[in-house]
Amino acid sequence: NLGTITIPVIVHVLYNSAAENISDQQINSQIAVLNADFNASNNDINQVPSLFAPNVGDVDIQFTVDRVIRKSTTRTSFGTNDAIKFNSQGGSDVVTPDTHLNMWIGDIGGGILGYAQFPGGSTATDGVVVGTAFFGTSGTATAPFDGGRTMTHEVGHWLNLRHIWGDGRCNRDDFVSDTPRSDRPNYGCPSFPTTHCRTTDMTMNYMDYVNDDCMYMFTNGQTERMRALFAPGGARDTF
Ligand code: ARG
Ligand code: ZN
Ligand code: CA
């Protein structure tokens, strides 16, 4: 096994107003959530129902802020076409993506909380994007997405996780054996048990679409899928 994996982070802050130039403290609040969630030490982990308690995964990844890049931009929103990742489009160019997780924080617009690039894509756009209103747990973070879980979800994608319902009908797979099948995302804060495809949905998984307060676990299978990327020959073995 690889032991604890350390991922240094480059944070790009794109701001069009003073308020969007978020504080170091807000950035640190986000990194603290990642370090809790990726070590199963989040303080809501005890809310996992006993049905799913054996499935709780400790990913054992530590995130550290290597550098914060702050850039004023004339753009009021960036959309999801990766403009935020390029100086030439009012964004900020990626920095050493083979050894660092790049996070871009700015106004995405369109009610989009965040988006991520899966492993194996272009290095120029590798990383995750999270809206200023959904980043960290203080400052500009807005309920019910002020728990830092949008970033947990996006980093899950960046580490090869699919949505828990497989983005399809009951038989569409998320390629993880210990997440129950489902045919749809869940929203808000579902009551337990919520049943689709004749099994109890794991609505509290970070890769569902529920509110920040209502997601609090990865599974062992998801943990294996993420950590496999860092083994020799894996898509993120340069970290
Ligand atoms: N919709 C976004 C995505 O699919 C993020 C969803 C995050 N959910 C949350 N409760 N913060 O990547
Ligand atoms: Zn997603
Ligand atoms: Ca599954």
Side-chain angles (χ1 to χ4, degrees), residues 29-30 33-34 36-38 42 44 47 51-52 54-57 78-82 84 101 103-119 121 125-138 140-190 194-226 228:
S29 78
Q30 179 62 73
V33 170
L34 286 176
D37 291 353
F38 280 82
N42 45 301
D44 45 3
Q47 291 184 48
L51 174 66
F52 295 134
N55 304 115
V56 168
F78 284 98
T80 54
N81 69 351
D82 289 335
I84 198 168
L101 165 56
M103 295 180 177
W104 288 269
I105 315 306
D107 192 330
I108 301 172
I112 308 285
L113 304 178
Y115 68 97
Q117 182 169 300
F118 288 109
T125 50
D126 195 26
V128 300
V129 182
V130 167
T132 308
F134 314 110
F135 179 78
T137 62
S138 62
T140 56
T142 312
F145 303 111
D146 56 350
R149 260 69 192 260
T150 300
M151 185 61 78
T152 300
H153 177 110
E154 299 311 334
V155 174
H157 284 314
W158 183 78
L159 292 173
N160 214 20
L161 297 189
R162 300 303 194 263
H163 289 136
I164 191 167
W165 68 97
D167 293 314
R169 301 188 66 79
C170 295
N171 291 330
R172 277 293 274 286
D173 204 359
D174 65 349
F175 311 109
V176 172
S177 60
D178 63 358
T179 53
R181 60 181 49 206
S182 185
D183 61 353
R184 68 196 78 179
N186 293 286
Y187 295 96
C189 204
T194 290
T195 302
H196 296 117
C197 302
R198 299 184 189 165
T199 62
T200 300
D201 280 9
M202 191 183 279
T203 64
M204 61 293 302
N205 193 282
Y206 295 123
M207 301 316 288
D208 207 328
Y209 265 3
V210 297
N211 291 347
D212 282 14
D213 277 355
C214 305
M215 49 170 61
Y216 29 81
M217 69 176 287
F218 287 119
T219 68
N220 292 308
Q222 289 175 319
T223 295
E224 276 177 45
R225 188 171 166 83
M226 291 189 272

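Whatever order the structure lists ligands and atoms in, that order sets their numbers, starting from 1.
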Subject >> Pairwise side-chain contact, Arg181 with Thr199, heavy-atom cut-off 4.5 Å (strictly under) >> reply: yes
Original post:
Side chains of Met207 and Phe218: does their closest heavy-atom pair fall under 4.5 Å?
Top reply: yes
Original post:
Looking at Thr194, Leu51, Thr219, which one forms a side-chain contact (heavy atoms from CB on, under 4.5 Å) with Met202?
Top reply: Thr219
Subject >> Ser177 near the Ca ion (ligand 3) via N/O/S, less than 3.0 Å >> reply: no
Original post:
Any idea which atoms of ligand 1 are less than 4.0 Å away from a heavy-atom of Asp212?
Top reply: 9 (C), 10 (N), 11 (N)
Original post:
For ligand 1, which part of Ile112 has a heavy atom less than 4.0 Å away: the side chain, the backbone, both, or neither?
Top reply: neither
Original post:
Any N/O/S of Val176 under 3.0 Å from the Ca ion (ligand 3)?
Top reply: yes
Original post:
For ligand 1, which atoms, with element, lie under 4.0 Å from some heavy atom of His163?
Top reply: 4 (O)
Original post:
Side chains of Asp146 and Thr137: donor-acceptor distance under 3.5 Å anywhere?
Top reply: no
Subject >> Atom indices of ligand 1, in the order listed, that fall short of 4.0 Å to a heavy atom of His157 >> reply: 12 (O)
Original post:
Do the side chains of Tyr209 and His153 get nearer than 4.5 Å, heavy atoms only?
Top reply: yes
Subject >> Location of contacts on Phe134 toward ligand 1, heavy atoms closer than 4.0 Å >> reply: neither
**OP:** Please calculate the NE2(His157)-the Zn ion (ligand 2)-NE2(His163) angle and round it to 10 degrees.
**Re:** 100°
**OP:** May I ask you to test the Val128-Gln117 pair for a side-chain heavy-atom distance under 4.5 Å?
**Re:** no
Subject >> Atoms in ligand 1 flagged as close to Glu154, the criterion being non-hydrogen separation under 4.0 Å >> reply: 2 (C), 3 (C), 5 (C), 12 (O)
**OP:** Please say whether Thr150 places an N or O atom under 3.5 Å from an N or O atom belonging to ligand 1.
**Re:** yes
Original post:
When you measure from atom 4 (O) of ligand 1 to every protein heavy atom, which one gives the shortest distance, and what is it?
Top reply: Tyr209 OH, 2.8 Å
Original post:
Is the shortest distance from a Lys or Arg side-chain nitrogen in Arg162 or Asp167 to a carboxylate oxygen in the other one below 4.0 Å?
Top reply: no
Original post:
How far is atom 10 (N) of ligand 1 from its nearest protein heavy atom, and which residue and atom is that?
Top reply: Val210 O, 2.5 Å
Subject >> Check: Thr80 and Ile108 side chains under 4.5 Å, non-hydrogen atoms >> reply: yes
Original post:
Looking only at heavy atoms, is any part of Leu113 under 4.0 Å from ligand 1, and if so is it the side chain, the backbone, or both, or is it neither?
Top reply: side chain
Subject >> Atom of Asp174 closest to the Ca ion (ligand 3), considering N, O or S atoms >> reply: OD1
Original post:
Do Asn55 and Asn220 have side-chain atoms, one donor and one acceptor, less than 3.5 Å apart?
Top reply: no
